[in-house]
Amino acid sequence: MPELPEVEVVRRGVEAHVVGRRVDDVEVYGARVTRRYPPGPMDLAARMRGATVVDARRRGKYLWLVLPDDLALVVHLGMSGQLLVERHDAMAESHLRARFTFADGDPELRFVDQRTFGGILLADVGPDGIPLPIAHIARDLLDPDLDQPAVVKRIHERSSAVKRVLLDQQVVSGIGNIYADEALWRAGIHGERLASALTKPSISRLLDHTREVMTAALEQGGTSFDSLYVNVNGASGYFERSLEVYGQQGRPCSRCGTLIRREAFMNRSSFSCPRCQPRPRRLAR
DNA sequence: CTTTTCTCCTGTATGC
DNA sequence: TGCATACAGGAGAAAA
């Protein structure tokens, strides 16, 4: 599942293969992929024709292509979205949702999404450089302008499970289920501990661990695109072998040997070490 | 206002 | 073998 490191790998691929090129046409397949863009696919295509891609940017799990006139094509990969750079005559994927062709010919850019939890939309960019529809998304842990003490304070003020807060993109963005579990294991904190019951230094260390695990994943995922394929399989690809807890139930913890457990949380799964990350006595949900 | 639950989607794995 | 069910989970709407 694409979280910050995977989306950053995609952004770099788009930056390398698409920035500086002029859009020739856009074809959208099905209505769902543009559901967050009420004017619809015809309008989106019309506004993009002839526009030169100026930049490829990212915040959290969102990425966007900067277009002239303070316009941006915002892309979210959702659960299963991919941006692929391919020859025009390459066979259409069964879940091809949008195709962007360029005035200089091959390659083209495709948005492919099996479950269509992801989507694309056009939006104006605000004075801060962020597309208006995602202005509510908080800075992520790789953002040099992130005010970490302020984030620590916000987390400390929340009366909810700390993992739930980590996953809240309006507090700090880019963290999904995989890296939340990995970071909590590194920090030795059970995700159901009450955020407000943690000390501020321990919350700050947890954020440091999160940043470190994402950086490590990015370094491994960053090697996997070199041709025309913009990889979004970081979670199931190179970094998978480095996962300490996510999906590792029944295997020994690399620190203490206790078997990793799997628990239900927020209608999902959480993975942790029973010894390194003891459950709190009073549950925070 | 804050916090939690529900919903969207489809390929894959599992159970009877 | 076949059918039903569970599961993966990001994000926003809706509910509490």
Side-chain angles (χ1 to χ4, degrees), chain A residues 1-8 10-11 28-38 58-64 74-83 93-98 111-121 123 130-141 153-184 191-197 210 214 217 232-237 239-240 243 245-250 261-271 282-285:
Chain A
M1 321 309 152
E3 301 181 29
L4 186 154
E6 293 74 39
V7 179
E8 175 59 17
V10 172
R11 189 202 66 77
V28 176
Y29 309 96
R32 187 171 159 75
V33 68
T34 52
R35 68 194 179 284
R36 288 184 64 191
Y37 186 65
R58 180 192 58 75
R59 171 173 283 188
K61 303 169 194 172
Y62 280 92
L63 69 92
W64 62 94
V74 180
V75 180
H76 197 287
L77 301 175
M79 296 276 302
S80 53
Q82 294 176 297
L83 280 176
E93 290 77 7
S94 54
H95 300 294
L96 179 62
R97 308 299 182 191
F111 183 72
V112 177
D113 192 352
Q114 174 197 113
R115 277 167 274 189
T116 328
F117 274 29
I120 58 176
L121 61 109
I130 306 297
L132 298 181
I134 60 170
H136 63 291
I137 299 297
R139 290 186 192 276
D140 59 62
L141 289 165
K153 182 169 180 286
R154 278 199 71 189
I155 293 174
H156 188 68
E157 289 167 349
R158 294 285 290 265
S159 60
S160 184
V162 63
K163 179 172 175 181
R164 194 185 283 274
V165 183
L166 279 184
L167 296 173
D168 187 339
Q169 307 299 303
Q170 301 187 49
V171 175
V172 57
S173 68
I175 307 169
N177 203 37
I178 295 170
Y179 295 111
D181 276 3
E182 292 298 310
L184 287 162
E192 289 182 38
R193 300 235 338 242
L194 193 62
S196 54
T210 313
M214 285 181 160
V232 294
N233 293 323
S236 58
F239 195 69
E240 187 177 26
L243 294 177
V245 286
Y246 183 83
Q248 306 299 309
Q249 73 274 18
R261 72 182 155 203
R262 171 182 177 168
E263 298 171 293
F265 177 67
M266 289 173 69
N267 289 322
R268 301 175 156 50
S269 292
S270 285
F271 302 89
R282 296 183 67 176
L283 304 183
R285 296 268 182 180

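Each chain gets a letter, A, B and so on, in the order its sequence line appears, and its residues count up from 1.
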**Asked** Taking it one step at a time, do A/L166 and A/L184 satisfy side-chain contact (heavy atoms from CB on, under 4.5 Å)?
**Response** CA-CA 10 Å; A/L166 279 184; A/L184 287 162; 4.2 Å; yes
**Complete:** From CG of A/L167 across to C1' of C/dG10 the rounded distance in Å is 10 Å
**Prompt:** Between the base of C/dA8 and the side chain of A/R268, is there a donor-acceptor distance below 3.5 Å?
**Reply:** no
**Complete:** note: A/D181, atom CG; C/dG10, atom P; distance rounded to Å ~ 10 Å
**Message:** Rounded to whole Å, please give me the gap between CE in A/M266 and P in C/dA8.
**Reply:** 13 Å
**Request:** Measure from the ring centre of A/F117 to the centre of the six-membered ring in the base of C/dG10, then say whether that distance is under 5.5 Å and the planes meet at under 30°.
**Result:** yes
**Request:** Please examine the side chains of A/V112 and A/R97, heavy atoms only from C-beta on, and report whether any two atoms are closer than 4.5 Å.
**Result:** no
**Asked** Any side-chain heavy atom of A/V162 sitting closer than 4.5 Å to one from A/L194?
**Response** no
**Asked** For DNA chain B, whose closest nucleotide is more 5', that of A/R32 or that of A/E157?
**Response** A/E157
**Request:** To the nearest Å, give me how far apart CG (A/D168) and C1' (B/dC1) are.
**Result:** 14 Å
**Message:** Do A/M214 and A/D140 make a side-chain contact, defined as non-hydrogen atoms from C-beta onward lying under 4.5 Å apart?
**Reply:** no
**Asked** With respect to A/I175, which candidate in A/D168, A/L141, A/L4 satisfies the side chain to side chain contact (heavy atoms under 4.5 Å, CB included) definition?
**Response** A/L141
**Asked** Between B/dT4 and A/S160, is there an OP1 or OP2 to side-chain N/O distance shorter than 4.0 Å?
**Response** yes
**Fill in**
Separation of B/dC8 atom P from A/N267 atom CG, nearest Å, is 14 Å
For nucleotides 5-7 of chain C, tabulate all protein N/O to nucleotide N/O atom pairs closer than 3.5 Å, reporting atom names and distance.
unit_1	atom_1	unit_2	atom_2	d
C/dC7	O3'	A/R262	NH2	3.4

**Prompt:** Should A/E157 and A/R154 count as an ion pair when the cut-off is N to O under 4.0 Å?
**Reply:** no
**Message:** Measuring to OP1 and OP2 of B/dT3, would you say a side-chain N or O of A/R158 lies under 4.0 angstrom away?
**Reply:** yes
**Asked** Between B/dG11 atom P and A/D113 atom CG, what is the distance in whole Å?
**Response** 11 Å
**Prompt:** Taking the nucleotide of DNA chain C with the closest heavy atom to each, which residue, A/R115 or A/K61, is nearer the 5' end?
**Reply:** A/R115
**Whole angstrom value for the distance that separates C1' of B/dC8 from CD of A/Q114** = 14 Å
**Asked** When you measure from the side chain of A/S173 to the backbone N and O of A/I137, does any donor-acceptor pair fall under 3.5 Å?
**Response** no
**Message:** Closer than 3.5 angstrom, by distance alone: can the side chain of A/Q169 be matched with the main-chain N or O of A/L167 as a donor-acceptor pair?
**Reply:** yes
**Message:** Tell me whether the side-chain N/O atoms of A/R164 come closer than 4.0 Å to OP1 or OP2 in B/dT4.
**Reply:** yes
Under 3.5 Å, which N/O atoms of the protein pair with N/O atoms of nucleotides 12-14 of chain C?
unit_1	atom_1	unit_2	atom_2	d
C/dG12	OP1	A/R36	NH1	3.2
C/dG12	OP1	A/R36	NH2	3.0
C/dG12	OP1	A/Y62	OH	2.5
C/dG12	OP2	A/H136	NE2	3.2

**Request:** May I ask you to verify if any side-chain N or O of A/S159 is less than 4.0 angstrom from the OP1 or OP2 atom of B/dT3?
**Result:** yes
**Complete:** Taken to the nearest whole Å, CE/A/M79 to P/B/dT12 is 14 Å
**Asked** Less than 4.5 Å apart, any side-chain heavy atom of A/K163 and any of A/N177?
**Response** yes
**Asked** Is there a side-chain contact between A/F271 and A/Q249 (heavy atoms, below 4.5 Å)?
**Response** yes
